Amino acid sequence: MSILNSLQKSTIESLQVLYHQTFSEKDFQVNQTKPEFEGDYTVVMFSLVKSLKLSPEVIGNQLGEHLIKTYPEIFSAYNIIKGFLNLTIADDYWMNFLQQHYNDICFGKQAMNNKKVMVEYSSPNTNKPLHLGHLRNNFLGWSVAEILGANGNTVLKSCIVNDRGIHICKSMIAWQLFGNGDTPQSTGIKGDHFVGDFYVKFNDEYKKQVKELVANGMAEPEAEKEAPIMKATQQMLQDWEAGKPDVIELWKKMNGWVYEGFDVTYKRIGSDFDKMYYESNTYLLGKDIVQQGLEKNIFIRKEDGSVWIDLTADGLDEKLVLRKDGTSVYITQDIGLAQQKYDEYKIDKSIHVIGDEQNYHMKVLQLICKKMGLPYADDIHHLSYGMVELPTGKMKSREGTVVDADDLVDEMEKEAAAKTEELGKVKDFSEDELKALYHTIGLGALKFYLLRVDPKKKMIFNPEESIDFHGFTGPFIQFNHARISSVLRKNPINNDHTTGNSFLPLEKELIVLLEKYPSVIKQAGDELNPSAIAIYVYTIAKTFSSFYTEHSIANAESEEKKQLRLKLANMTAIVIKSGMQLLGINVPDRM
RNA sequence: GGUCUGGUAGCUCAGUUGGAUAGAGCAUCAGCCUUCUAAGCUGAGGGUCAUUGGUUCGAAUCCAAUCCAGAUCACCA
C-alpha cells in the first residue's frame, strides 16, 4: 500500500475512534508538506470542521496525537499550523520501503488485469513523408500504449494507413507525367520522400494550370475543377475503384516505395504496431451498418439518394454518411472499422490518437455508434492532442514550412554528436557505440521535448532554436542516469538491511518522490497523459542531481550512510530508466 | 453565426482536481570543477494567473459575463 493510502486509511480509522463518525478519503485532503514546514505529508483540517463542530486546531491536535500513538510504525511526529496537520513519516517506514524496493525493476507497475485496449496511432498518408506533427502523434501513441501496459492492460497497437483516395492519385498522376520512369532506387531518394516530391509536383502543376485557365477567362472555381491534371486524377480514382489493372499496379508500386521509406523511419523512431489496417481494405466497411440504421430510422435517405443522420437535437449538425452515388465517406468507414476491431479482438477500450482538429468528427462518430446501440460505443476514446505549430503559425506543406521527421531526427543526432565530442567523456567508445549513443541522446531529446507537454495543448516548435540538452530535457535525465551508473559500477551494494540512519533533507526528498512512482503511473494511465511521467522523471533526476552535488555517495560519513545512499541511487536509476522507457526513451550507462 | 478548446515570468511550459508566500527550464546577472561524470550545483532579478463579478474559512483552479487567440461546423480525409 502506498504511504498516501496508509495515511488516508489511518486517518479515517482515527476519526472513527475519536469522534464516532465515518469519513471517506474524499472528505479530507492530503498533500505533500510544503518544504518550508516540518513534516512529510499534510492533512487539511478545514473540510472536517463542519461535521465535527470543532476548530481545525483542536481536530488537528487530537488527530495528530492519536495517529502517532496508534500507528508508530507510520508516524513519528506532527505539528499544526493553522488548519494544517503536518505529519512526519517514521524513518523506519522509509527505510523498510527502500530495503524492499531499491532493486525492484518492476516497481510501480500493476499486475495484469483482464482488460484489452487498442491504441490506434500514427495514421500516415501514403502520399508524403512523416513530419513533426506525426512525430507527436507517434510518440504519444506509443507511450500511452506503454503506460496502459504498465497499468496492467493488454495493449494492442494499431495503425490505419490512408493508402487510397484522391490525394494518393495526385502523386500517381504526377509521377506518370513527370517521373520519366525514375524510382527511389534509380535516384537514391528515400521512397516516401520520392513519392512526396511528386505530390508537391502535382500541386505546382495544378496551380499553374488553374492560373492559365483563369488567364483565359475562366472563373476560378470552375478552373479548379476543369484543370486537366485534376480531371485526370479524378479519372484515375474512378479507375482505381473499378480495379483497372494498370492503375492498381502503379498504386501498389508507389505505395510500396512509401512503405519502404516508412519502415526506415518507424524503426528509427521506435514506432511499432501489432495490427495494420489499410484504408483500401476498410473503405467499404460501415455500409451495412448504415443499412441497419436506415431500417431503424436512425438514418434518413434524402430525395437524391444520399443518407444522413440528424444530430441537431444533440447540439451538432446533420451529417452525411453515404453519398448520393452510394459511396461511403470517412465517417462511414470509421464506424465500420470500429465494428471490425471489436469483432476481431473483443477489445474493452479503443483509443484513437488523433489531432484536436478532428474533435468534432470523433464526437459525431461516438454519437452515431451510440445511437446505433453498438456495444462498444462508450469504449471509444479520442485521445485528442494539440497541433504542433511554428512561431509563424501552422505548418503548411504548400508553403514549405513543414518540419520533416527524418531531417529533424538527423539534426538531433548531429547535435548530440557535437555535444558529446565537445565534452569528450566517451573517447574509448567504438564507432558503433558512438552511433548508438548519439541516437539515444538525440532521439531522447526530441521525444522528451514533445512528450513533456500536456497532449491536449497545442505546442510551439521553433526550428530556429535547436532543442535544448540542458535543464528540463531528456539528455539531462539521461545524464543523471549515466552518473548513477558510474557510481554503482565502482561501489558494490550490500543487500543487508540498512539501519540506524536518519535522513538528510535531500535524501528524504528523494525517497518520498520515489515512493510516489506507482501513483504517477496510475495517473498517467487514467489521464492518458505521458507528460505526467515526463515531469515526474525530471523531478526525480533534478532532485537526485542536487543530492549528488551536496552529498558524496562513495565517501559518505559512514559505511551505513554509504549503503543507504547507494540504495537510493540504485532505486533512482531504476525509476528513471523505467519512467523513460514508458516514454520510449532509452537511458545510457555512460554519456 | 453555432459548438468546442485555450489565455500563468521576456520565451517554452508545470501547477497532484479548491489549500499555506503561484513553480520549473531557457534567456539575463553573480558564485562554484585537485574528491563519485559540470549535459551539473547554489543564489539573484523577473507575475494584476486575460478582465470583471460571483460561490466560501480559502480561487490560477469552480460558476457567469466580457475581451483575445485557435479549431471545427464539406457529397475532403
Side-chain angles (χ1 to χ4, degrees), chain A residues 4 29-34 36-37 42 44-47 49-50 56 81-84 86 123 125 162 165-167 279 304-308 315-325 327-331 333-334 355-361 363-364 384 386-387 389 391 393-394 416 419-420 422-423 425-426 441 445 449 452-454 456-462 465 468-480 482-491 516 519-520 523 531-532 534-536 538-539 542 545-556 565 569 590-591:
Chain A
L4 184 63
Q29 220 169 72
V30 181
N31 318 67
Q32 248 185 279
T33 305
K34 302 253 162 193
E36 57 266 36
F37 303 103
T42 296
V44 184
M45 297 289 100
F46 297 110
S47 56
V49 169
K50 226 179 246 170
I81 295 169
K82 294 198 275 178
F84 299 92
N86 302 321
S123 317
N125 292 325
N162 301 308
I166 192 81
H167 52 297
E279 202 194 307
D304 66 357
S306 59
V307 179
W308 298 73
L316 305 176
D317 302 277
E318 287 193 332
K319 181 82 188 171
L320 176 103
V321 291
L322 279 185
R323 297 190 185 99
K324 64 183 170 206
D325 62 6
T327 57
S328 61
V329 290
Y330 186 46
I331 195 113
Q333 303 169 38
D334 271 358
D356 63 6
E357 57 195 355
Q358 292 192 37
N359 283 353
Y360 177 77
H361 171 81
K363 217 168 166 178
V364 170
S384 163
M387 298 287 105
E389 293 180 5
K394 281 189 86 167
K419 285 257 159 64
T420 305
E422 189 186 314
L423 293 168
K425 289 189 267 192
V426 288
I441 297 174
Y449 181 86
R452 66 179 201 187
V453 180
D454 187 334
K456 289 193 295 287
K457 299 196 176 174
K458 70 173 184 199
M459 58 185 297
I460 293 171
F461 173 82
N462 189 347
E465 307 164 7
D468 220 315
F469 285 33
H470 301 272
F472 186 16
T473 66
F476 170 79
I477 297 164
Q478 292 171 322
F479 164 68
N480 277 289
R483 263 168 152 183
I484 297 173
S485 302
S486 172
V487 175
L488 293 175
R489 273 197 298 273
K490 296 169 190 163
N491 300 277
K516 283 165 68 171
S519 72
V520 175
Q523 184 205 343
S531 80
I535 292 163
Y536 170 79
Y538 169 68
T539 309
K542 184 179 150 59
S545 195
S546 298
F547 160 75
Y548 177 91
T549 322
E550 192 73 24
H551 308 293
S552 175
I553 297 170
N555 300 312
R565 288 182 187 162
R590 292 182 58 196
M591 67 186 277

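Just so it is clear, the structure is predicted and the values come from calculations on it, not from any experiment. Proteins come first, then strands; the chains are lettered A, B, ... in the order of their sequence lines, and each starts at number 1.
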Colleague: Return the value, rounded to whole Å, for the distance between atom NZ of A/Lys456 and atom P of B/U5.
Modeller: 11 Å

Colleague: Base, sugar-phosphate or nothing for A/Thr42? Non-hydrogen atoms, less than 4.0 Å.
Modeller: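 Here A/Thr42 touches the bases of the nucleic acid.
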
Colleague: Rounded to whole Å, how long is the line connecting atom CG of A/Asn125 with atom P of B/A77?
Modeller: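 That distance rounds to 11 Å.
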
Colleague: Is A/Asp334 side chain donor-acceptor paired with the B/A77 base, going by distance under 3.5 Å alone?
Modeller: no

Colleague: Starting from the C-alpha separation in whole Å, work towards a yes-or-no answer on side-chain contact (heavy atoms from CB on, under 4.5 Å) for A/Met591 and A/Lys419.
Modeller: CA-CA 10 Å; A/Met591 67 186 277; A/Lys419 285 257 159 64; over 6 Å; no

Colleague: Could you state the atom-to-atom distance from CE of A/Met45 to C1' of B/A20 in whole Å?
Modeller: 14 Å

Colleague: Looking at residues at least two apart in the chain, or sitting in another chain, which of them share a salt bridge (Lys or Arg N to Asp or Glu O under 4.0 Å) with A/Arg323?
Modeller: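 Listed in chain order: nothing, the list is empty.
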
Colleague: Find the distance A/Lys82:NZ to B/G19:P and express it as a whole number of Å.
Modeller: 14 Å

Colleague: Strictly under 3.5 Å: I want the nitrogen or oxygen pairs between protein and nucleotides 72-76 of chain B, one per line.
Modeller:
residue : atom : partner  : partner atom : Å
B/C73   : O2'  : A/Asp317 : OD1          : 3.4
B/C73   : O2'  : A/Asp317 : OD2          : 2.7
B/C75   : O3'  : A/Arg323 : NE           : 3.4
B/C75   : O2   : A/Lys324 : N            : 3.4
B/C75   : N4   : A/Asp304 : OD2          : 2.1
B/C76   : OP2  : A/Arg323 : NE           : 3.1
B/C76   : OP2  : A/Arg323 : NH2          : 3.0

Colleague: Quiz question: by atom type and distance under 3.5 Å, do the side chains of A/Asn359 and A/Ser384 form a donor-acceptor pair?
Modeller: yes

Colleague: Run the salt bridge (Lys or Arg N to Asp or Glu O under 4.0 Å) test against A/Asp454 and tell me which residues pass, sequence neighbours left out.
Modeller: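 A/Asp454 satisfies salt bridge (Lys or Arg N to Asp or Glu O under 4.0 Å) with A/Lys456 once adjacent residues are dropped.
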
Colleague: Identify whether the glycosidic angle of B/C33 places it syn (within 90° of 0) or anti.
Modeller: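 Syn, since the glycosidic angle lies within 90° of 0.
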
Colleague: In dot-bracket, 5' to 3', how would RNA chain B read with Watson-Crick or G-U wobble pairs under 3.5 Å, [ ] for crossing ones and | for pairs to another strand?
Modeller: (((((((..((((.....[...)))).(((((.......))))).....(((((..]....))))))))))))....

Colleague: Expressed in whole Å, how much space separates the C1' atoms belonging to B/G10 and B/C29?
Modeller: 15 Å

Colleague: With sequence neighbours left out, write down each residue that passes side-chain hydrogen bond (donor to acceptor under 3.5 Å, both in side chains) with A/Arg452, or none if nothing qualifies.
Modeller: none

Colleague: Report all interatomic pairs (protein N or O, nucleotide N or O of nucleotides 10-14 of chain B) with separations under 3.5 Å.
Modeller:
residue : atom : partner  : partner atom : Å
B/C13   : OP1  : A/Ile460 : N            : 2.9
B/A14   : OP1  : A/Asp454 : N            : 2.8
B/A14   : OP2  : A/Lys457 : NZ           : 3.1

Colleague: Provide, to the nearest angstrom, the distance between the CD atom belonging to A/Gln32 and the C1' atom belonging to B/G15.
Modeller: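 Nearest whole value for this atom pair: 14 Å.
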
Colleague: State which residues pass side-chain hydrogen bond (donor to acceptor under 3.5 Å, both in side chains) with A/Ser328; sequence neighbours excluded, sorted by chain then number.
Modeller: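 Scan of A/Ser328 (side-chain hydrogen bond (donor to acceptor under 3.5 Å, both in side chains), adjacent residues dropped) gives none.
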
Colleague: Could you run through nucleotides 29-39 of chain B and give me one letter per nucleotide, 5' to 3': B if any protein heavy atom sits under 4.0 Å from the base, S if only the sugar-phosphate is that close, - if neither?
Modeller: -------BBSB

Colleague: Among residues at least two apart in sequence or on other chains, which ones pass side-chain contact (heavy atoms from CB on, under 4.5 Å) with A/Asn555?
Modeller: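 Applying side-chain contact (heavy atoms from CB on, under 4.5 Å) to A/Asn555 gives A/Ser552.
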
Colleague: Does A/Gln29 place a side-chain N or O at less than 4.0 Å from the phosphate oxygens OP1/OP2 of B/G19?
Modeller: yes

Colleague: Calculate, to the nearest 0.5 Å, the distance between atoms OH and CD belonging to A/Tyr536 and A/Gln523 respectively.
Modeller: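 The distance works out to 11.5 Å.
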
Colleague: If I take atom CZ in residue A/Phe37 and atom P in nucleotide B/G19, what distance separates them, rounded to the nearest angstrom?
Modeller: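 After rounding, the reported distance stands at 15 Å.
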
Colleague: Rounded to whole angstrom, note down the P distance from B/U55 over to B/A14.
Modeller: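 Each nucleotide's P atom is 32 Å from the other's.
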
Colleague: Considering only atom C1', compute the distance from B/G46 to B/C26 and round it to an integer number of Å.
Modeller: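 About 13 Å, rounded to a whole number of Å.
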
Colleague: Are A/Tyr538 and the base of B/A24 stacked, counting only ring centres nearer than 5.5 Å and planes tilted under 30°?
Modeller: no

Colleague: Check side-chain hydrogen bond (donor to acceptor under 3.5 Å, both in side chains) between A/Glu357 and all other residues, then give those that pass, not counting sequence neighbours.
Modeller: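 side-chain hydrogen bond (donor to acceptor under 3.5 Å, both in side chains) list for A/Glu357, sorted by chain: empty.
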
Colleague: Could you tell me whether A/Asp468 contacts a base, only the sugar-phosphate backbone, or nothing, with contacts defined as non-hydrogen atoms closer than 4.0 Å?
Modeller: sugar-phosphate

Colleague: When the nearest nucleotide of RNA chain B is assigned to A/Ser47 and to A/Lys363 on a heavy-atom basis, which residue is associated with the more 5' position?
Modeller: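 Between the two, 5'-proximity favours A/Lys363.
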
Colleague: For a 4.5 angstrom cut-off between non-hydrogen side-chain atoms, does A/Phe37 reach A/Thr42?
Modeller: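 Answer no - side chains too far apart.
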
Colleague: Calculate the interatomic distance between A/Ile331 atom CD1 and B/A77 atom P; express it in whole Å.
Modeller: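 Answer to the nearest Å: 11 Å.
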
Colleague: Could you work out the separation of B/U42 and B/A24 based on their C1' atoms and round it to a whole Å?
Modeller: 16 Å

Colleague: List in chain and number order the residues that pass side-chain hydrogen bond (donor to acceptor under 3.5 Å, both in side chains) with A/Asn162, two or more places apart in sequence or in another chain; answer none if no residue qualifies.
Modeller: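 A/Asn162 satisfies side-chain hydrogen bond (donor to acceptor under 3.5 Å, both in side chains) with A/Asn125 only.
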
Colleague: B/U5 and B/G45: how far apart are their P atoms, nearest whole angstrom?
Modeller: 39 Å

Colleague: Taking A/Tyr538 as the fixed residue, which of A/Phe472, A/Tyr449, A/Phe479 is the one that meets the ring pair (Phe, Tyr, Trp, His ring centres under 6.0 Å) rule?
Modeller: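 It is A/Phe472, the one option of A/Phe472, A/Tyr449, A/Phe479 that forms the ring pair (Phe, Tyr, Trp, His ring centres under 6.0 Å) with A/Tyr538.
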
Colleague: Can a donor-acceptor pair be found, under 3.5 Å and without considering hydrogens, that links the side chain of A/Thr549 to the backbone of A/Ser545?
Modeller: yes

Colleague: A/Glu389: which residues meet the salt bridge (Lys or Arg N to Asp or Glu O under 4.0 Å) condition with it, sequence neighbours left out?
Modeller: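 Listed in chain order: nothing, the list is empty.
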
Colleague: Taking the C1' atom in each of B/G31 and B/C67, what is the distance between them to the nearest angstrom?
Modeller: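 Each nucleotide's C1' atom is 45 Å from the other's.
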
Colleague: Quick one: pull up CD1 in A/Ile331 and CG in A/Leu322 and give me the separation to the nearest 0.5 Å.
Modeller: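 So the gap between those two atoms works out to 12.0 Å.
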
Colleague: How many Å lie between CZ on A/Phe46 and C1' on B/G58, as a whole number?
Modeller: 7 Å

Colleague: For B/U17, does the O4'-C1'-N9-C4 (purine) or O4'-C1'-N1-C2 (pyrimidine) torsion place it in syn, i.e. within 90° of 0, or in anti?
Modeller: syn

